[in-house]
Asks: 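Questions regarding the structure given below will be posed in turn.
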Amino acid sequence: MNSESIRVTLPDGRAVALPPGCSAADLAAAIGPGLARAALAAVVDGEIVDLNRPLADGASVRLLTDRDPEALGVLRHSAAHVLATAVRELVPGAGIGFGPAIDDGFYYDFDVPEPFTPDQVEAIEKRMGEVIRADHPFERRVVTRDEALELFADDPLKLERLVEFADDEVITVYRDGPFLDLCRGPHIPTTGRLRHFKLLSAAGAYWRGDERRRMLQRIYGTAFFTKKDLRTHLHRLEEAKKRDHRVLGKRLDLFSIQEEVGPGFVLWHPNGGRVRRIIEDFLRDTLVEHGYEIVYTPHVASEELYRISGHLDVFADDMFPAMDDDGDRFRMKPMNCPHHFMIYRSQTRSYRDLPLRFAELGTCYRYERSGTLHGMLRVRSFTQDDAHIFIREDQIADEYNRLLDLGDHLLRVFGYEYRTALSTRPEKAIGDPAVYDAASDRLAGVLRDRGLDYELDEGGGAFYGPKVDVLVTDALGREWQGGTFQLDFLMPERFGLEYVGADNRRHRAVVVHRTLLGSMERFIGGLIEHYGGAFPLWLAPEQVRILPVSEQWTESARELVARLRAEGLRVELDDRDTLGYRIRAAEMRKVPYMGIVGEREAEAGTVSVRMRGAGRKQVAMGRGEFVERLKGEVERRALG
RNA sequence: GCUGACGUAGCUCAGUCGGUAGAGCAGCUGAUUUGUAAUCAGCAGGUCCGGGGUUCGAGUCCCCGCGUCAGCUCCA
């Protein structure tokens, strides 16, 4: 290799010789004009960098185009700068916070005297178009701390960030046209490369995510490489809005939350009640099959119980205030754990008794802060599908395997995809770190042995033990908490949960706190959105609606209704108005099946079956056949 | 809890400059007896979130609460 050239390696292993000082952009040009036009950034030795950064000899280089997922983050971060550029032009003194790319877009925080109005956001979006048309290059510059302090002398938020840099840290600034920002980069080559973007909303956000600090004004937006992707994304947002469980809950008459009852308190209407009852029955039966005992505990308990558990110290603000009667203080139950512990403790347990699994659909009360309430998904009274499993240390792996099996079974029934995550020991963990870590390792082993592609959340465990979380993905690709299995070494100590071992000595039990669905409220709220209100037959509040074509066939229709009801199916007769009107009504109610009975059907003893959403694609079938079909579908818990 | 927006019939919403509240859907009644996503007509339905204030007069303007929504923060 001579000193007049450097060699870099491409992903396919090919080596390319370039003159010294060449950048990734030059590399792209050397490979071909198409790539030169398409390249947006580069991955050099594993780090994403600007296209115009000089390459070092021996570097391995991968050029990023709009096909690479990493490039999207670069684009969005640059979009945030374009946003800030526009805001600075329209609101000259605006302070600049942070402006990162996020999962499906970007945001930027501004310190402005007045919150942004929707009109302003629109004007800003328009101005961004001008910044893009100007096609400013993004220029990176390494500066000294003193230079940086001078450059951002008027920007207190940036100054605050600057003093945090370590002495040996490289400080970089980026400029695009008039806008200069303290920023690590990387960026797309020029603002003109941003094409398809949209500002979505503006709202307050605390500086550095700290509620004790000042509130900045955050503008959210999103950006994509193609118009189609942007449109798909916006369409998905619209779709999510249509599926909002609060909207569907009203339209399908599933539940309500009313001011007179109180914020965060869900009233389950008959339709919602049916769905819930079916799920609860299914769940309870499944749990009993899997070796659980069903227990019941009161909704109110002496405050002393939560003093023992330690929850009172930590969560007093989030509990309903005490009911005090001559010094006896009572609390609405914020969790079921201590109650189950007391049941365990009510007698001496043998190692032969373990695992012992206590399950309860336990209703809990938490005084959640008003701003956090959200339909059924965040409420102040909810029913957990809770269980506490008491095991010996040597049973951890086996029990987690059972839990993962059970979780898998349940989530599949509802049609959810999911992934798993393991959270390990945090700084603040109590007890012997070796015990904690050994348990984490064992859980990791379980997940590995099952071939699960789990995510590791290092330091994300509770202070009392590691946990495995199941995260489900719904029909729109959004993620929800779908179950959590937490190991607990602390509560057994606090409550003195012991068993007598084979050695005839007392040993401390280990507790697993677990929930499979979360709470009935959150789970069914999520389920409403997952199905878009169109519940599969086994869950549908109303499974079949029978429609006589006209009055003279009502009798025949009634017979069919009676026959279906006798089979335990949830059936209604609708003989009100015109057939078209009733079909429309049934479709809007998302009833899975309509059975139409007119002259033809009454005479042949059949029924014309119209399926939800299938339009005129209907089939006439014998009534017995219809019954069997429905029963089979319910039995299989078919997803439809 | 914080910032902002919003709160009118069961639901979705209109209501101008401060002059005493309206539509569509749903509901009810009647006519129609209907063959695949809205038949027609009529009736009924209001503490304009609550409380104060300004005004001759407040759904409308001001203040204080409550609630909802978006985001932040929090979530045993």
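Just the heavy atoms: all of them, side chains too, but no hydrogens, waters or symmetry mates, feed the values below.
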Asks: Mind checking His374(A) for me? I need base, sugar-phosphate or nothing, with any heavy atom below 4.0 Å counting as a touch.
Replies: sugar-phosphate
Asks: If you take atom types as modelled and just measure distance, does the side chain of Tyr206(A) reach the base of G1(B) with a donor-acceptor pair under 3.5 Å?
Replies: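 Indeed there is one.
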Asks: Applying a 4.0 Å non-hydrogen cut-off, can you work out what Phe315(A) is touching in the nucleic acid: base, sugar-phosphate, or nothing?
Replies: base
Asks: Within a strict 4.5 Å, meaning less than it, do heavy atoms of the Ile389(A) and Arg514(A) side chains meet?
Replies: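 Result yes, sub-4.5 Å side-chain heavy-atom pair found.
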Asks: Please state how far atom CG in Asp119(A) lies from atom C1' in G4(B), giving the value in whole angstrom units.
Replies: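 Rounded to the whole Å, the gap is 14 Å.
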Asks: Give a yes or no on whether a salt bridge exists between Glu529(A) and Arg478(A), defined as a side-chain N under 4.0 angstrom from a carboxylate O.
Replies: yes
Asks: Side chain of Arg378(A) only, heavy atoms from C-beta on: which candidate in U36(B), C72(B), C74(B) is closest?
Replies: C74(B)
Asks: Would you find more than 12 non-hydrogen atoms of other residues, nucleotides or ligands less than 6.0 Å from Gln258(A) atom CD?
Replies: yes
Asks: Looking across every strand, which nucleic acid part, if any, lies under 4.0 Å from Gly580(A) by heavy atom: base, sugar-phosphate, or nothing?
Replies: sugar-phosphate
Asks: Determine the contact category for Phe116(A): base if any of its heavy atoms lies under 4.0 Å from a base atom, sugar-phosphate if only primed atoms, P, OP1 or OP2 are that close, otherwise nothing.
Replies: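 Answer is nothing: Phe116(A) stays at 4.0 Å or more from every strand.
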Asks: May I ask you to say what Gln618(A) touches in the nucleic acid, namely base, sugar-phosphate or nothing, with a heavy-atom cut-off under 4.0 Å?
Replies: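 If one applies the 4.0 Å heavy-atom cut-off, Gln618(A) turns out to touch a base.
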Asks: Please tell me if the side chains of Val597(A) and Leu547(A) come closer than 4.5 Å, counting only heavy atoms from C-beta onward.
Replies: no
Asks: Pick the nucleotide of RNA chain B nearest each of Arg600(A) and Gly209(A); which residue has the one closer to the 5' end?
Replies: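 Nearest nucleotide further toward 5': that of Arg600(A).
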Asks: Closest-nucleotide mapping onto RNA chain B: is Tyr365(A) or Asp210(A) further toward the 5' terminus? I mean the 5' end.
Replies: Asp210(A)
Asks: Tell which nucleotide pairs with A41(B), taking only Watson-Crick or G-U wobble pairs whose two distances are both under 3.5 angstrom.
Replies: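 Paired with U29(B).
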Asks: So what does Arg582(A) hit on the nucleic acid, given a heavy-atom distance under 4.0 Å: a base, only sugar-phosphate, or nothing?
Replies: nothing
Asks: Rounded to whole Å, please give me the gap between CG in Asp577(A) and P in A41(B).
Replies: 13 Å
Asks: Pick base, sugar-phosphate or nothing for Arg366(A), based on heavy-atom distances below 4.0 Å to the nucleic acid.
Replies: base
Asks: Please determine, for U36(B), whether a Watson-Crick or G-U wobble partner exists with both distances under 3.5 Å, and give it or none.
Replies: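 In the structure as shown, U36(B) has no Watson-Crick or wobble partner.
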Asks: Just compare U33(B), A26(B), G1(B) and give me whichever is closest to any side-chain atom of Tyr581(A).
Replies: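 My answer, after comparing the listed nucleotides, is A26(B).
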Asks: Could you please name the partner base of G71(B), counting Watson-Crick and G-U wobble pairs only when both distances are under 3.5 Å?
Replies: C2(B)
Asks: Is there a donor on the side chain of Glu368(A) or the base of G1(B) sitting less than 3.5 Å from an acceptor on the other?
Replies: no
Asks: Looking for any heavy atom pair under 4.0 Å, which part of the strands does Pro115(A) touch: base, sugar-phosphate only, or nothing?
Replies: sugar-phosphate
Asks: Return the nucleotide paired to A9(B): Watson-Crick means purine N1 to pyrimidine N3 with N6-O4 or O6-N4, wobble means G-U with N1-O2 and O6-N3, both under 3.5 Å.
Replies: none
Asks: By nearest atom, which of the nucleotides U34(B), G35(B), C72(B) is closest to the Ile596(A) side chain?
Replies: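 For Ile596(A), the side-chain atoms sit closest to G35(B).
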Asks: Please tell me if Ser201(A) has a side-chain N or O lying less than 4.0 Å from either OP1 or OP2 of A70(B).
Replies: no
Asks: Between C72(B), A37(B), C74(B), spot the one nearest the side chain of Arg584(A), thanks.
Replies: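 It is A37(B).
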Asks: For Arg214(A), is the CZ atom crowded, meaning more than 12 foreign heavy atoms sit under 6.0 Å from it?
Replies: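 No, not enclosed.
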Asks: Which residue in the set Asp111(A), Asp181(A), Asp155(A) passes salt bridge (charged side-chain N to carboxylate O under 4.0 Å, His left out) when paired with Arg88(A)?
Replies: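 Exactly one option meets the salt bridge (charged side-chain N to carboxylate O under 4.0 Å, His left out) with Arg88(A), and it is Asp155(A).
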Asks: Under 4.0 Å between any heavy atoms, over every strand shown, what does Arg369(A) touch: base, sugar-phosphate, or nothing? Just pick one.
Replies: base
Asks: So what does Arg246(A) hit on the nucleic acid, given a heavy-atom distance under 4.0 Å: a base, only sugar-phosphate, or nothing?
Replies: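 It contacts sugar-phosphate atoms only.
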Asks: Let's test this: given Watson-Crick or G-U wobble pairing with both distances under 3.5 Å, identify the partner of C61(B).
Replies: G53(B)
Asks: Could one point to a donor on the side chain of Glu211(A) or the base of U73(B) with an acceptor on the other under 3.5 Å away?
Replies: no
Asks: Contact class for Ser608(A) vs. all strands (heavy atom < 4.0 Å): base, sugar-phosphate, or nothing?
Replies: base
Asks: What does U16(B) pair with, Watson-Crick or G-U, if both distances are under 3.5 Å?
Replies: none
Asks: Below 3.5 Å, does any donor atom in the side chain of Arg213(A) face an acceptor in the base of C72(B), or the other way round?
Replies: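 No, the side chain and the base share no sub-3.5 Å donor-acceptor pair.
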Asks: Distance between the C1' atoms of C64(B) and G42(B), in whole angstroms?
Replies: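 Looking at atom C1' only, C64(B) and G42(B) are 45 Å apart.
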Asks: I'd like the P distance from G19(B) over to C75(B), given in whole Å.
Replies: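 These two P atoms come out 50 Å apart once rounded.
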Asks: Less than 6.0 angstrom separating the ring centers of Phe382(A) and Tyr365(A), yes or no?
Replies: no
Asks: Between Asp318(A) and Arg366(A), does any side-chain N to carboxylate O distance fall below 4.0 Å?
Replies: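 Salt bridge flag = no for Arg366(A) with Asp318(A).
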Asks: With rounding to whole Å, what would you report as the distance between A58(B) and G51(B) at their C1' atoms?
Replies: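 Straight-line distance between the two C1' atoms is 15 Å.
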Asks: Suppose you measure atom P in C40(B) against the same atom in G59(B); what distance do you get, rounded to whole Å?
Replies: 36 Å
Asks: Tell me if the side-chain of Arg616(A) makes a donor-acceptor pair with the base of U36(B), cut-off 3.5 Å, by modelled atom types.
Replies: no
Asks: Could you measure between the two C1' atoms, the one in G18(B) and the one in C61(B), and give it in whole Å?
Replies: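 Pairwise C1' distance, G18(B) against C61(B), rounds to 8 Å.
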Asks: Nearest to the side chain of Leu579(A), which nucleotide is it out of A70(B), G35(B), U68(B)?
Replies: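 Looking only at heavy atoms from C-beta outward on Leu579(A), the closest nucleotide is G35(B).
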Asks: Any side-chain N or O of Thr372(A) under 4.0 Å from OP1/OP2 of C75(B)?
Replies: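 Answer is no, no contact under 4.0 Å.
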Asks: At 4.0 Å (heavy atoms only), tell me whether Glu601(A) reaches a base, stays on the sugar-phosphate, or touches nothing.
Replies: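 Base, at least one base heavy atom under 4.0 Å.
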Asks: What is the distance from CZ of Arg576(A) to P of U29(B), rounded to the nearest Å?
Replies: 12 Å
Asks: Quick one: label Tyr464(A) by what it contacts on the DNA or RNA (base, sugar-phosphate, nothing), any heavy atom closer than 4.0 Å.
Replies: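 Counting heavy atoms under 4.0 Å across all strands, the contact made by Tyr464(A) is with sugar-phosphate only.
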Asks: C1' atom, G7(B) versus U60(B): distance in rounded Å?
Replies: 14 Å
Asks: Mind checking Val314(A) for me? I need base, sugar-phosphate or nothing, with any heavy atom below 4.0 Å counting as a touch.
Replies: nothing
Asks: Return no unless some side-chain N or O of Lys250(A) is found under 4.0 Å from OP1 or OP2 of U12(B).
Replies: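 Yes.
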Asks: Would you mind reading off the distance between Glu259(A) atom CD and G67(B) atom P, rounded to a whole angstrom?
Replies: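 Going from Glu259(A) (CD) to G67(B) (P), I get 7 Å.
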Asks: Going through the checks in order, is the salt bridge (Lys or Arg N to Asp or Glu O under 4.0 Å) test met by Lys126(A) and Glu122(A)?
Replies: CA-CA 6 Å; Lys126(A) 209 171 267 169; Glu122(A) 205 171 299; 5.2 Å; no
